[in-house]
Visitor: 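Here it is, the structure in full.
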Amino acid sequence: MKDVYILGIESSCDETSCSIVKNGREVLSNVINSQIAIHEQFGGVVPEIASRNHIQNISKVVEKALEDAKIGFQDIDAVACTYGPGLVGALLVGVSYAKALSYSLHKPLIGTNHIHGHIAANYISHPDLKPPFLCLVISGGHTHLVHIKDYTEFEILGKTRDDAIGEAFDKVARVIGLGYPGGPKVDKLAREGQPNIELPKTHFDNLDFSFSGIKTAVINLHHKNPDVNKADLCASFEKTVTDILVEHALTAAKGLNIKTIALAGGVSANSYIRNEFLKLEKQGYQIYYPEPVLCTDNAGMIASAGYYNYLNGQIADLNLNAIPNLPIQAIS
Ligand code: KG4
Ligand code: ZN
């Protein structure tokens, strides 16, 4: 079969990114312009500022991606862009740019779901990984336990009923004064502490998650006792949320008789979570997670997911719009 080159664009939150991916798995370039330093002073992403920066950055990021991949616009087979979920103003920049590119180059346009992208990051890091498998998508905006039945067929087995796990990491970090984004900072400090503080776990009669209770418990504990050891608090928080993730993943894996579990999304860069899942290999499970740069938002994962949409004939037209709350199953 002829090689397929997808140009992917990601702009759903605070990263402007463009990537060229060959045959869904081989990254020729992945340019990521992160706005973290700009939003840090506000303690979180400011949507209007994010949109404005995407507009300023996108042309340069796309040009650099082509340059790094040593190819030209004409070598591309299709243009894939994230059209949801995410911040509407931020998404619109990538969607509009991708539409203009697709129209002017006479190349197909592929709308890509950001969550499918996070899952597909594993295809790049692990050329041997094929569906079916289970994937825990754990990021700043999402916490989903998904059954990947096929490259473009997804079933949600459980999701958060309140905060996303990354939101909880970020909030805990902010309250104890670690700054934004908190996940990597909690990860680092937790390595110096012991998980010796009891924190609440919320259970439902299905595989849904809830992280608002534990987040509030950490905040209350810190306010009542500002001298509490921060490293122990981080270690205890990490252990409690990880126990829940492992429990839910194992219940789903046993129920479906699936032995392959992948992690995806920004929080899957967490070293404790990775190690706890790796321990399951002793029980015969195969554990996958993307390399750190592919865990957080990037266009490589969007081009990879876009490739499988392309093979499946899921081509969008110029009516493609940004959908901030796009559900996981949605196809363009
Ligand atoms: O996937 P992502 O870049 O954005 C969304 O699609 O939401 O994820 C960002 C989230 C943030 O909440 C950040 O704190 C968290 O991922 N994160 C981590 C780590 N690295 C990033 N959380 C825990 N441990 C880490 N090492
Ligand atoms: Zn993301």
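All residue numbers in this chain count up from 1 along the given sequence. Read the numbers this way: they start at 1 and go in the same order the structure lists the ligands and their atoms. As a basis for the values below, the full set of heavy atoms in this structure was taken, side chains included, without hydrogen atoms, waters or symmetry mates.
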Visitor: If you count the atoms of ligand 1 from 1 in the order shown, which ones are under 4.0 Å from a heavy atom of His114?
Guide: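 Listed by number with element, the hits are 6 (O).
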Visitor: Give me the atom names and distance for the closest heavy-atom approach of Ser102 to Pro108.
Guide: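 Closest heavy-atom pair between Ser102 and Pro108: OG-C, 4.1 Å.
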Visitor: I need the Ile20 CD1 to Ile76 CD1 distance, nearest 0.5 Å.
Guide: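 Going from the CD1 atom of Ile20 to the CD1 atom of Ile76 covers 4.5 Å.
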Visitor: Which atom pair, heavy atoms only, marks the closest approach of Phe73 to Lys107?
Guide: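 Here Phe73 and Lys107 meet closest at O-CE, 4.0 Å.
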Visitor: If you look at Asp297, which of its N/O/S atoms is nearest to the Zn ion (ligand 2)?
Guide: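 The atom in question is OD1.
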Visitor: Return each pair, listed once, that meets ring pair (Phe, Tyr, Trp, His ring centres under 6.0 Å) where at least one residue sits in residues 273-300; pairs must be two or more places apart or across chains.
Guide: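 Pairs touching residues 273-300 that pass the test: His126-Tyr288.
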Visitor: Can you tell me if Lys188 has a non-hydrogen atom under 4.0 Å from ligand 1?
Guide: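 No.
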Visitor: Can you confirm, on distance only, whether ligand 1 has an N/O atom lying under 3.5 Å from any N/O atom belonging to Pro181?
Guide: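 Between Pro181 and ligand 1, no N or O pair is found under 3.5 Å apart.
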Visitor: Applying side-chain hydrogen bond (donor to acceptor under 3.5 Å, both in side chains) as the test, list every pair that has at least one member in residues 175-187; sequence neighbours left out.
Guide: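 Non-adjacent pairs meeting side-chain hydrogen bond (donor to acceptor under 3.5 Å, both in side chains): Asp187-Arg191, Asp187-Ser271.
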Visitor: To the nearest 0.5 Å, tell me how far Asn30 CG sits from Ser17 OG.
Guide: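 Spacing of CG (Asn30) from OG (Ser17) equals 4.5 Å.
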Visitor: Answer yes or no: is there a donor N or O on one side and an acceptor on the other, between the side chain of Ser19 and the main chain of Ser29, under 3.5 Å?
Guide: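 Yes, Ser19 side chain to Ser29 backbone: donor-acceptor pair under 3.5 Å.
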Visitor: State whether the shortest distance between N or O atoms of Gly183 and N or O atoms of ligand 1 falls below 3.5 angstrom.
Guide: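 Checking ligand 1 against Gly183, an N or O pair does fall under 3.5 Å apart.
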Visitor: Return the closest protein heavy atom for atom 26 (N) of ligand 1 as residue, atom name and distance.
Guide: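 I find the closest protein heavy atom is Asp187 OD2, 2.9 Å.
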Visitor: Strictly below 4.0 Å, N to O, side chains only: are Lys64 and Glu67 in salt-bridge contact?
Guide: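 Result for this pair is no, no salt bridge flagged.
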Visitor: Please work out whether the ring planes of His118 and His114 are parallel, tilted or perpendicular, with thresholds of 30° and 60°.
Guide: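 Answer is perpendicular, since the angle exceeds 60°.
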Visitor: Could you list the atoms of ligand 1 found under 4.0 angstrom from a heavy atom of His118?
Guide: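 Near His118, meaning under 4.0 Å from one of its heavy atoms, ligand 1 has 1 (O), 6 (O).
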Visitor: Going by the closest heavy atom to atom 12 (O) of ligand 1, which one wins out of Asp14, Asp170, Val137?
Guide: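 Nearest heavy atom to atom 12 (O) of ligand 1 lies in Asp170.
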Visitor: Gly141 heavy atoms, cut-off 4.0 Å: which ligand 1 atoms fall inside?
Guide: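 Counting from 1, the qualifying ligand atoms are 7 (O).
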Visitor: Does any N or O of ligand 1 fall below 3.5 Å from an N or O anywhere on Asp297, backbone included?
Guide: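 Asp297 vs ligand 1: N/O contact under 3.5 Å present.
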Visitor: Taking Asp163 first and then Lys171, would you say they form a salt bridge - that is, a charged N and a carboxylate O separated by under 4.0 Å?
Guide: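 Judged by the 4.0 Å cut-off on N to carboxylate O distance, Asp163 and Lys171 do not form a salt bridge.
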Visitor: Within a reach of under 6.0 Å around NZ of Lys188, are more than 12 heavy atoms found that belong to other residues, nucleotides or ligands?
Guide: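 12 or below, so no.
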Visitor: Would Gly166 count as being in polar contact with ligand 1, using the rule that some N or O on each side must be under 3.5 angstrom apart?
Guide: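 Yes, there is a polar N/O contact under 3.5 Å.
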Visitor: Only heavy atoms of Ser139, strictly under 4.0 Å: list the atoms of ligand 1 that pass.
Guide: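 Here the atoms of ligand 1 in question are 1 (O), 5 (C), 6 (O), 7 (O), 8 (O).
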Visitor: Can you tell me which residue and heavy atom of the protein come closest to atom 20 (N) of ligand 1, and the distance to 0.1 Å?
Guide: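 Looking only at protein heavy atoms, the one closest to atom 20 (N) of ligand 1 is Gly266 O, 3.4 Å.
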Visitor: Measure from the Zn ion (ligand 2) to each N, O or S atom of His142 and report whether any distance is below 2.8 Å.
Guide: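 Under 2.8 Å: His142 has no N, O or S contact with the Zn ion (ligand 2).
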Visitor: Got the closest protein heavy atom to atom 10 (C) of ligand 1, with its distance?
Guide: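 Atom 10 (C) of ligand 1 sits closest to the protein heavy atom Gly140 N, 3.4 Å.
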Visitor: Would Cys13 count as a contact of ligand 1 if the rule is a heavy atom under 4.0 Å away?
Guide: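 Per 4.0 Å heavy-atom rule, Cys13 does not contact ligand 1.
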Visitor: Indicate yes or no: does an N/O atom of Asn270 lie under 3.5 Å from an N/O atom of ligand 1?
Guide: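 Yes, since at least one N or O of Asn270 sits under 3.5 Å from an N or O of ligand 1.
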Visitor: Give the atoms of ligand 1, by number and element, whose distance to some non-hydrogen atom of Thr296 is under 4.0 Å.
Guide: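 Heavy-atom distances to Thr296 below 4.0 Å select 3 (O).
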Visitor: Looking only at heavy atoms, which two atoms of Ile49 and Gln35 are closest? And how far apart?
Guide: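 In terms of heavy atoms, the two residues are closest at O-OE1, 4.1 Å.
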Visitor: So does Cys13 have any N/O/S atom less than 2.8 Å away from the Zn ion (ligand 2)?
Guide: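 Of the N, O and S atoms in Cys13, none lies under 2.8 Å from the Zn ion (ligand 2), which means no.
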